[in-house]
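What follows is one structure encoded as structure tokens, with my remarks underneath.
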Amino acid sequence: MGNKEDRFNRPDLKIPVSLGVIMDGNGRWAKKRHLPRSAGHKAGGDSLYELCKNCGYYGVKYLTVYAFSTENWSRPEAEISALMKLFVESFDKYDPELEKYGIRLRFSGDISAMPENIQKVCRRAEERSAGRTNLQLIIALNYGGRREIATAARKLAESCVKGDIKPEDITEEMMSSNMYLPDVPDPDLIIRPSGEMRISNFLLWECAYSELWVSDVLWPDFGFDELTRAFEDYTKRDRRFGGLSKVDSDSPEDSK
Ligand code: IPE
Ligand code: IPE
Ligand code: MG
């Protein structure tokens, strides 16, 4: 990474190792400016580049961003082709910058069902960046949490049919290791800009104990200040994972 500015020097902040972002609100951003929705998506791409840099400086290790859902195919054809064009252009265009910051690019989702030219660009971007170690940027493309879980279930069912495992042997860990990118840790924090209080089929299996943070800022306007606000709030969260917080488990009443 280049020289880190002072504003990233925040030892008081707890930084998530793994962060998820639902990049929502591009259409509303464009509408407010009387621009076509495609202009909103383009501005959203620039915002993603900013986020990568900021996450790299803050020390996030895995950043998973929701770029296109399995349900987004129901949008008008013109919007879909503008998005596909943007994907093809961006993965190549931003690569020298990503390289400068040591950012490895990976994809999560039903990539094999994407148009061939997109698959090629994705493969190229993954291969080219495989040796970079500062931050992993995972782009969820043609991604659906339900499809990911169904795919994992299918793989395990096939192993049962082959006789490699028995149905009663299937565990949560085996499900986890059959998700798209099993080596990527579950998100500690999921941010959703644009005010919508829903998960929209993002990382359904992985979000079991993720902290959620919703912002009213539209994705193309989401910058350093809003990211810092999210981390400030995350720092105050008491993650209990079904257990008790430190204070409660140490109280005399509980040890009686
Ligand atoms: C998110 O922005 C980008 C994609 C879903 C591809 P939207 O296009 O959903 O923007 P809004 O929600 O209409 O404002
Ligand atoms: C979620 O946003 C998907 C992405 C950001 C890629 P949507 O705009 O598709 O979600 P809904 O329709 O508001 O739930
Ligand atoms: Mg939306």
Side-chain angles (χ1 to χ4, degrees), residues 18-52 55 62-91 93-94 105-111 113-115 117-119 121-122 125 137-151 179-181 184 187 189-207 210-223 226-227 230:
S18 182
L19 173 68
V21 177
I22 300 175
M23 304 189 290
D24 194 26
N26 298 348
R28 278 163 278 180
W29 184 93
K31 196 171 178 184
K32 265 173 53 181
R33 287 163 178 75
H34 308 286
L35 293 169
R37 291 178 64 85
S38 57
H41 295 314
K42 193 166 177 305
D46 296 339
S47 195
L48 172 58
Y49 171 58
E50 275 310 305
L51 178 78
C52 289
C55 282
Y62 302 85
L63 170 63
T64 306
V65 295
Y66 206 3
F68 194 84
S69 75
T70 46
E71 289 73 50
N72 286 147
W73 293 107
S74 64
R75 296 197 177 194
E77 232 175 271
E79 179 170 356
I80 294 175
S81 48
L83 274 165
M84 297 300 147
K85 189 162 172 275
L86 182 67
F87 295 146
V88 172
E89 289 169 359
S90 306
F91 301 150
K93 178 180 135 194
Y94 282 112
L105 199 54
R106 300 175 78 184
F107 295 88
S108 179
D110 196 352
I111 306 297
M114 293 292 282
N117 64 329
I118 308 263
Q119 289 188 44
V121 178
C122 293
L137 167 62
I138 296 127
I139 301 193
L141 203 57
N142 195 21
Y143 176 88
R146 288 184 169 185
R147 187 167 302 178
E148 181 179 32
I149 295 169
T151 305
M179 295 294 147
Y180 290 134
L181 298 176
V184 174
L189 173 68
I190 293 179
I191 295 176
R192 180 157 192 162
S194 308
E196 239 69 73
M197 300 272 190
R198 56 175 170 262
I199 209 85
S200 301
N201 207 9
F202 185 50
L203 302 178
L204 294 187
W205 179 266
E206 297 85 349
C207 78
S210 302
E211 296 295 323
L212 306 178
W213 196 76
V214 174
S215 155
D216 282 331
V217 172
L218 301 173
W219 172 245
D221 291 328
F222 192 100
E226 208 53 10
L227 181 69

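Since the structure is predicted, the reported quantities are computational estimates derived from the model, not experimental observations. Numbering of ligands and ligand atoms starts at 1, following listing order.
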Given the side-chain rings of Phe107 and Phe87, with only the six-membered ring counted for Trp, is the space between their centroids under 6.0 Å? no
How far is atom 10 (O) of ligand 1 from the closest protein heavy atom, and which atom is that? Gly27 N, 2.9 Å
Can you report which non-hydrogen protein atom sits closest to atom 5 (C) of ligand 2, along with the distance? Met23 O, 3.5 Å
Write out the residue and atom name of the closest protein heavy atom to atom 9 (O) of ligand 2, then the distance separating them to 0.1 Å. Asn72 ND2, 3.0 Å
Are the side chain of Tyr143 and the backbone N or O of Ala67 linked by a donor-acceptor pair below 3.5 Å? no
Measuring only between side-chain heavy atoms, which start at C-beta, is Met23 closer than 4.5 Å to Phe222? no
Can an N or O of Asp24 be found at a distance shorter than 3.5 Å from an N or O of ligand 2? yes
Under 4.0 Å between heavy atoms, the region of Lys31 that gets near ligand 1 turns out to be neither
When you measure from the side chain of Arg28 to the backbone N and O of Ser194, does any donor-acceptor pair fall under 3.5 Å? yes
Which atoms of ligand 1 have any heavy atom of Arg37 under 4.0 Å away? 7 (P), 8 (O), 10 (O), 13 (O)
Is it the case that ligand 1 has an N or O less than 3.5 angstrom from some N or O of Leu83? no
Under 4.0 Å from any heavy atom of Ser200, which atoms of ligand 2 are there? 10 (O), 11 (P), 14 (O)
Counting heavy atoms under 4.0 Å, the part of Phe68 that contacts ligand 2 is backbone
Considering only non-hydrogen protein atoms, determine which one is nearest to atom 12 (O) of ligand 2 and report residue, atom name and distance to 0.1 Å. Arg198 NH2, 4.5 Å
N/O/S atom of Asp24 under 2.8 Å from the Mg ion (ligand 3), yes or no? yes
Given 3.5 Å as the limit, does a donor-acceptor pair link the side chain of Asp24 with the main chain of Pro193, or not? no
Given side chains that start at C-beta, do those of Arg192 and Arg198 come closer than 4.5 Å, heavy atoms only? yes
At less than 4.0 angstrom from any non-hydrogen atom of Arg75, what atoms of ligand 1 do you find? 5 (C), 7 (P), 8 (O), 9 (O)
Does Glu196 reach ligand 1, in the sense of a heavy atom lying below 4.0 Å from it? no
Do side-chain atoms of Asp110 reach the backbone of Asn142 as a donor and acceptor pair under 3.5 angstrom? no
Decide whether the shortest distance between a heavy atom of Gly25 and an atom of ligand 1 is less than 4.0 Å. yes
Expected output: side-chain Ser108 to main-chain Tyr180 donor-acceptor under 3.5 Å: no
Between Phe202 and Tyr66, what is the ring plane arrangement, given parallel below 30°, perpendicular above 60°, and tilted in between? parallel
What I'd like to find out is whether the side chain of Cys55 reaches to under 4.5 Å of the side chain of Leu227, using heavy atoms alone. yes
Is the contact between Arg192 and ligand 2 made by the side chain, the backbone, both, or neither, using heavy atoms and a 4.0 Å cut-off? side chain
Should Ala67 be listed as contacting ligand 1, given a heavy-atom distance under 4.0 Å as the test? yes
